[in-house]
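All chains are named by letter (A, B, ...) in the order of the sequence lines, taking the proteins before the strands, and each is independently numbered beginning at 1.
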Amino acid sequence: MKRIKIKELLLSKDFGKEVIVEGWVRTRRGNKNVSFIAINDGSIIHSMQVVVDIAVFGEEALKNITTGACIKVKGILVESQGQGQPVEMQAKEIQLYGTSDPESYPLQKKGHTLEFLRSIAHLRPRTNTFGAVLRIRHNMAFAIHKYFNDKGFYYIHTPIITGSDAEGAGQMFRVSTLDPHNLPKTPEGKIDFSQDFFGKETNLTVSGQLEGELAAMALSEIYTFGPTFRAENSNTPRHLAEFWMIEPEMAFYDLEDNMTLAQDFVQYLVKYALENCKEDLNFLNEMYDKELISRLEFVVNNDFKRLTYTEAVEILMKSGEKFEFPVSWGTDLQSEHERYLVEKHFNKPVILIDYPKEIKAFYMKQNTDGKTVRAMDVLFPKIGEIIGGSQREENLEKLEARINELQIPSKDMWWYLETRKFGTAPHSGFGLGFERLILFVTGMANIRDVIPFPRTPKNAEF
RNA sequence: UCCUCAGUAGCUCAGUUGGUCAGAGCACCUGACUGUUAAUCAGGGGGUCCUUGGUUCAAGUCCAAGCUGGGGAGCCA
């Protein structure tokens with residue numbers, strides 16, 4: 001007889017049927033005559049209540065069935081006599097797979113702080129909160145592939161090890177097989193990377209965008225979805241050193257098309273969560289954020305406000321709001337400015353476009369005003385920037401001029417520039433931080449609580 | 001990296017002007033209870049007061065440095 005997942009059994013009406021469940025004990029309680037075991041197998045947030053007649057099993061047999069233990073139960077599925085669950089199991093046989101010393105098992109029946117759970121990341125998937133977050137995370141990953149597949153986008157695997165620092169997006173993690181205690185040196189005394197594994201200096205990727213553009217110049221509409229690494233010493237609830245990013249890149253899309261896709265994409269994902277993760281969202285709504293579900297519904301049902309950077313600066317200057325940092329055209333907007341626009345002025349997600357070229361990356365399409373570029377940032381309540389993207393500069397001369405202006409070493413970028421040389425095309429794309437999406441969908445406050453094993457400065461445990 | 005707050009039992013925390021200050025709740029263990037729902041009730045065990053150094057007759061308490069964590073900022077996704 002095969003086990004049946006608790007998710008399935010809780011919906012079952014096969015009362016009187018003999019079934020098997022396997023899972024981990026959440027709690028056991030009761031008295032001299034009867035014992036109740038809550039067993040959870042992670043298939044759903046709810047546990048199965050197993051009712052044990054102590055006269056049949058004996059107290060000794062139940063002694064090791066403690067919180068955290070793993071057991072197999074064969075029993076009869078019955079309608080629950082108690083409140084709180086529709087069905088329960090009357091135990092006939094119990095097999096103990098693994099004990100769990102209650103003295104040292106760190107998870108209790110009572111709630112723990114998220115900070116403490118981070119220190120036991122190997123066990124926190126066994127909590128209701130992380131079970132919910134991890135199931136939602138899975139559903140969002142699946143929905144991302146489904147969305148793009150249904151739209152005819154192709155999934156491209158861009159390299160994780162890169163030989164170019166093209167984007168210049170902050171500090172990178174070096175990839176090397178050189179012996180750090182005995183580094184080969186060039187005659188000039190510098191490290192001789194020609195002797196390294198790849199014969200050159202290599203790093204972990206900070207973005208798959210440039211390679212994504214290459215694929216879009218052949219397959220029209222593509223997306224990447226992979227790990228991304230930033231060695232920035234960022235200590236905030238919104239940054240990780242290792243995170244996952246989705247980067248669609250589309251030939252023949254202008255910035256308007258790009259914005260339309262970004263909004264449709266995010267709304268699809270949030271709607272997917274509302275429809276497919278109802279039980280987990282209800283739990284998070286109840287325990288962490290009473291406005292979570294209404295906020296998700298609002299995002300699904302309302303267009304994002306689109307406006308230019310210049311318009312945003314005017315709104316901020318006229319707002320009368322006292323900002324810590326003054327607003328002026330040409331400087332990047334501060335968190336407080338973005339929050340004002342999203343949470344106070346428009347009270348909905350905002351897409352800002354046409355930023356000053358000085359504060360944006362070299363590859364963004366230059367506007368005819370000579371001052372701004374076709375950039376877009378999608379700003380969300382509570383988490384700020386969730387998407388950053390742009391229409392790309394497809395004109396070779398303009399792109400090269402910008403590269404020279406910024407003194408970007410273009411030696412390693414010949415292949416990128418050749419897309420503008422051979423059959424260039426208008427195209428656009430954006431990057432969505434996967435964990436930031438999960439933050440928004442789950443209502444969690446810290447990005448370290450939406451990835452199973454967070455990598456942050458001074459922390460690579462587990 | 002900067003600003004700021006914190007670190008005392010397995011967890012969450014209290015600990016006053018430096019002088020019975022080693023404490024509480026929960027968890028755990030034992031017992032009671034005829035169906036529990038974070039069960040309830042009674043009892044019990046449990047400590048590197050983050051680390052190092054300093055001030056003092058005396059430091060959980062004051063000072064310095066460091067480590068770790070939270071919040072805010074910057075960088076960004």
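If you take CG of A:Leu107 and C1' of B:C26, they are 15 Å apart, rounded to a whole angstrom. Here B:C75 presents its P atom at 16 Å from CD of A:Glu358, a figure rounded to the nearest Å. For the pair A:Glu385 CD and B:A77 P, the interatomic distance rounds to 5 Å; values are reported in whole Å. The NE2 atom of A:His46 sits 14 Å away from the C1' atom of B:U37 (whole-angstrom rounding). Protein atom CD of A:Glu59 is 10 Å distant from nucleotide atom P of B:U30, rounded to whole Å. Atoms CD1 (A:Ile54) and P (B:C33) sit 12 Å apart, rounded to a whole Å. In this structure, the CD1 atom of A:Ile45 is 20 Å from the P atom of B:U37, given to the nearest Å. One atom, CD of A:Gln83, and another, P of B:A38, lie 12 Å apart when rounded to the nearest Å.
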Identify each atom pair where a protein N or O and an N or O of nucleotides 9-11 of chain B are less than 3.5 Å apart, giving names and distance.
residue : atom : partner  : partner atom : Å
B:G10   : N2   : A:Gln108 : NE2          : 2.5
B:G10   : N3   : A:Gln108 : NE2          : 3.3

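Residues A:Val34 and A:Pro102 each lie close to RNA chain B; by heavy-atom proximity, the contact nearer the 5' end of the strand is made by A:Pro102. Of the two residues near RNA chain B, A:Arg28 and A:Gly388, the one whose nearest nucleotide lies more 5' is A:Arg28.
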(request) Scan nucleotides 69-74 of chain B nucleotide by nucleotide, 5' to 3', and note B when protein non-hydrogen atoms come under 4.0 Å of the base, S if they reach only the sugar-phosphate, - if neither. (result) -SSSBB
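At distances below 3.5 Å, not a single donor-acceptor pair connects side-chain atoms of A:Glu393 with backbone N or O atoms of A:Lys365. Judged purely by atom type and a 3.5 angstrom limit, A:Tyr309 uses its side chain to pair as donor or acceptor with the backbone of A:Gly330. Counting only distance, with no hydrogens or angles, the side chain of A:Asn40 and the backbone of A:Ile45 share a donor-acceptor pair below 3.5 Å.
Here the separation of B:G43 from B:C26, taken at their P atoms, is 11 Å to the nearest Å. The gap from the P atom of B:A27 to that of B:U12 amounts to 15 Å, rounded to the nearest Å. B:A6 and B:U20 are spaced 24 Å apart, taking the P atom of each and rounding to whole Å. Atom C1' of B:G70 sits at a distance of 27 Å from the matching atom of B:G53, rounded to the whole Å. Comparing B:G46 with B:U1, their P atoms are spaced 42 Å from each other, to the whole Å. On the C1' atoms, B:G45 is 16 Å away from B:G23, given to the nearest whole Å. When the C1' atom is used for both B:G47 and B:C28, the distance is 16 Å, rounded to whole Å. Comparing the same atom, P, in B:C11 and in B:A32 gives a spacing of 31 Å after rounding to whole Å.
The partner of B:G53 is B:C63, judged by Watson-Crick or G-U wobble contacts that both fall below 3.5 Å. Nucleotide B:U30 has B:A42 as its partner under the Watson-Crick or G-U criteria, with both atom distances under 3.5 Å. With a cut-off of 3.5 Å on both pairing distances, B:A58 has no Watson-Crick or G-U wobble partner at all. When both distances must be under 3.5 Å, the Watson-Crick or G-U wobble mate of B:A73 is B:U1. In a base pair of the Watson-Crick type (N1 to N3 plus N6-O4 or O6-N4) or a G-U wobble (N1-O2 and O6-N3), with each distance short of 3.5 Å, B:A6 is matched with B:U68.
Here A:Arg29 reaches the OP1 or OP2 of B:A39: one of its side-chain N or O atoms lies under 4.0 Å away.
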(message) Applying side-chain hydrogen bond (donor to acceptor under 3.5 Å, both in side chains) to A:His427 and A:Glu213, what does each step give before you reach the verdict?
(response) CA-CA 8 Å; A:His427 64 291; A:Glu213 285 188 49; 2.7 Å; yes
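Between the side chains of A:Asp280 and A:Asn282, no donor N or O sits under 3.5 Å from an acceptor N or O. In the model, A:Asn367 has a side-chain atom that pairs as donor or acceptor with a side-chain atom of A:Thr372 under 3.5 Å.
In this structure, the nucleotide among B:U36, B:A77, B:C76 sitting nearest to the side chain of A:Asp332 is B:C76.
Note: A:Trp244 and A:Phe225 have perpendicular aromatic rings, judged against thresholds of 30 and 60 degrees for the angle between ring planes. Ring-plane geometry between A:Phe380 and A:Phe440 is classed as perpendicular, the angle between the planes exceeding 60 degrees on a 0 to 90 degree scale with a lower cut at 30. Classification of the A:Phe283-A:Tyr288 ring pair by plane angle, with boundaries at 30° and 60°, yields perpendicular.
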Can you give the donor-acceptor pairs under 3.5 Å from side chains of residues 61-80 of chain A to other protein atoms, not counting sequence neighbours?
residue : atom : partner  : partner atom : Å
A:Thr66 : OG1  : A:Ser100 : O            : 2.8
A:Thr67 : OG1  : A:Arg26  : O            : 3.2
A:Ser80 : OG   : A:Gly82  : N            : 3.2
A:Ser80 : OG   : A:Gly82  : O            : 3.3
A:Ser80 : OG   : A:Gln85  : NE2          : 3.0
A:Ser80 : OG   : A:Glu88  : OE1          : 2.8

